[in-house]
S.K.: 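Handing you a structure now.
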Amino acid sequence: KAGVTQTPRYLIKTRGQQVTLSCSPISGHRSVSWYQQTPGQGLQFLFEYFSETQRNKGNFPGRFSGRQFSNSRSEMNVSTLELGDSALYLCASSLFTEDGYTFGSGTRLTVV
Amino acid sequence: AQTVTQSQPEMSVQEAETVTLSCTYDTSESDYYLFWYKQPPSRQMILVIRQEAYKQQNATENRFSVNFQKAAKSFSLKISDSQLGDAAMYFCASLKTSYDKVIFGPGTSLSVIP
């Protein structure tokens with residue numbers, strides 16, 4: 001079966017711009033979680049969507065937002081980009097969270 | 001709040017030898033879930049092994065096994081017969097309940113020496 005697909009894989013944006021990242025989960029998985037990975041902070045939880053509803057939220061500013069569509073595909077948006085937003089953004093899907101995640105390959109965002 | 005600690009930022013092991021990666025966590029729950037994830041240089045994170053806290057038996061997946069010490073809140077990963085492909089970042093993670101978020105530790109970078 002197809003894995004978790006994240007697009008795009010690489011992105012370069014300028015400070016102040018906004019960006020949208022996409023994640024298509026494994027077929028049948030209704031939960032999609034997003035993480036920001038940086039060398040200094042490790043993996044930081046952004047948010048989780050389940051059946052189009054945000055179920056959990058991390059401690060990120062309101063510039064970070066997301067949504068989930070009826071087909072379980074999810075997008076995250078970052079507005080007014082800052083240099084510190086440069087990171088690898090990972091998406092993970094699961095049928096049940098306690099079973100463990102399946103991760104996508106990530107989107108590498110560079111803000112210049 | 002849940003926290004996960006991995007006290008070994010880097011470790012190395014000789015090929016075919018055994019290595020143990022440490023993890024401690026802090027939770028007030030009696031039932032929870034623990035995981036080890038592997039992130040090779042290609043960066044795709046994969047699930048290595050999972051443990052349900054209410055199960056006494058330590059989980060095992062082929063060459064990977066855990067030593068789960070609930071009272072000590074310790075969850076170490078043992079890799080037997082290490083292979084070059086085991087070189088990666090290893091993350092320990094915990095989940096409080098089915099509807100909660102997974103919290104990751106800072107990771108341990110494992111090198112395998114041929």
Side-chain angles (χ1 to χ4, degrees), chain A residues 2-10 23 25-26 29-51 53-60 64 66 74 87-110, chain B residues 1-10 21 23 25 27 29-55 59 61 64 66 68 75 77 88-109:
Chain A
V4 177
T5 303
Q6 288 188 248
T7 56
R9 290 213 62 188
Y10 301 91
C23 173
I26 286 176
H29 285 189
R30 291 189 292 167
S31 170
V32 175
S33 296
W34 289 88
Y35 287 82
Q36 181 195 65
Q37 185 177 21
T38 58
Q41 298 296 317
L43 280 142
Q44 299 289 309
F45 176 79
L46 280 155
F47 26 66
E48 180 205 4
Y49 286 88
F50 182 84
S51 293
T53 301
Q54 187 179 85
R55 186 158 73 173
N56 286 294
K57 188 177 188 307
N59 297 321
F60 278 81
F64 291 80
S74 177
L88 179 65
Y89 290 88
L90 293 171
C91 165
S93 77
S94 59
L95 185 58
F96 301 105
T97 309
E98 63 265 33
D99 292 337
Y101 288 145
T102 300
F103 279 88
S105 296
T107 294
R108 171 75 66 189
L109 172 65
T110 302
Chain B
Q2 286 172 270
T3 58
V4 178
T5 303
Q6 293 176 252
S7 59
Q8 307 149 316
E10 297 179 353
L21 309 184
C23 172
Y25 57 93
T27 180
E29 305 295 319
S30 57
D31 287 335
Y32 46 90
Y33 305 88
L34 298 166
F35 310 88
W36 278 98
Y37 285 88
K38 169 186 176 182
Q39 188 178 40
S42 66
R43 87 188 187 198
Q44 180 124 28
M45 189 98 73
I46 58 174
L47 177 65
V48 174
I49 201 164
R50 62 184 287 277
Q51 174 84 40
E52 298 169 24
Y54 65 87
K55 288 188 176 178
E61 288 286 343
F64 298 87
V66 298
F68 174 47
F75 183 60
L77 175 70
M89 280 290 289
Y90 285 83
F91 293 94
C92 179
S94 74
L95 173 67
K96 200 164 56 173
T97 70
S98 304
Y99 304 110
D100 208 340
K101 58 192 178 190
V102 176
I103 302 299
F104 286 82
T108 295
S109 178

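Keep in mind that this is a model prediction, so the values were computed, not measured. Each chain gets a letter, A, B and so on, in the order the sequences are listed, and its residues count up from 1. We use all heavy atoms of the structure for the numbers below, so side chains are in, but hydrogens, waters and symmetry mates are not.
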S.K.: Enumerate, by atom name, each donor-acceptor pair separated by under 3.5 Å where one atom lies in chain B and the other in chain A.
M.R.:
unit_1	atom_1	unit_2	atom_2	d
Y37(B)	OH	Y101(A)	N	2.7
Q39(B)	OE1	Q37(A)	NE2	2.8
Q39(B)	NE2	Q37(A)	OE1	3.0
R43(B)	NE	S105(A)	O	2.6
R43(B)	NH2	R9(A)	O	3.4
R43(B)	NH2	G106(A)	O	3.1
Q44(B)	OE1	S105(A)	OG	2.9
Q44(B)	NE2	F103(A)	O	2.7
R50(B)	NE	E98(A)	O	2.9
R50(B)	NH2	E98(A)	O	2.8
S98(B)	O	T97(A)	OG1	3.4
S98(B)	OG	E98(A)	OE1	3.2
S98(B)	OG	E98(A)	OE2	3.3
Y99(B)	O	N56(A)	ND2	2.9
V102(B)	O	Y35(A)	OH	2.7

S.K.: Taking all atoms of both residues into account, what is the closest heavy-atom pair of C23(B) and V4(B), and its distance?
M.R.: SG-CG1, 3.7 Å

S.K.: Of all of G58(A), A92(A), G104(A), which one pairs up most often with chain B through heavy atoms under 4.5 Å apart?
M.R.: G104(A)

S.K.: I'd like to check the ring pair (Phe, Tyr, Trp, His ring centres under 6.0 Å) partners of F60(A); sequence neighbours left out, ordered by chain and number.
M.R.: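 Partners of F60(A) by the ring pair (Phe, Tyr, Trp, His ring centres under 6.0 Å) criterion, ordered by chain and then number, come out as F64(A).
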
S.K.: Which heavy atom of V32(A) sits nearest a heavy atom of C91(A), and at what distance?
M.R.: CG1-SG, 3.5 Å

S.K.: Looking only at heavy atoms, which two atoms of F75(B) and C92(B) are closest? And how far apart?
M.R.: CD2-SG, 3.9 Å

S.K.: Could you tell me if the side chain of V102(B) sits less than 4.5 Å from the side chain of F45(A), heavy atoms only?
M.R.: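 With C-beta onward as the side chain, the pair stays apart.
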
S.K.: To check you understand the geometry: which heavy-atom pair defines the closest contact between P25(A) and C23(A), and what is its length?
M.R.: CD-O, 3.7 Å

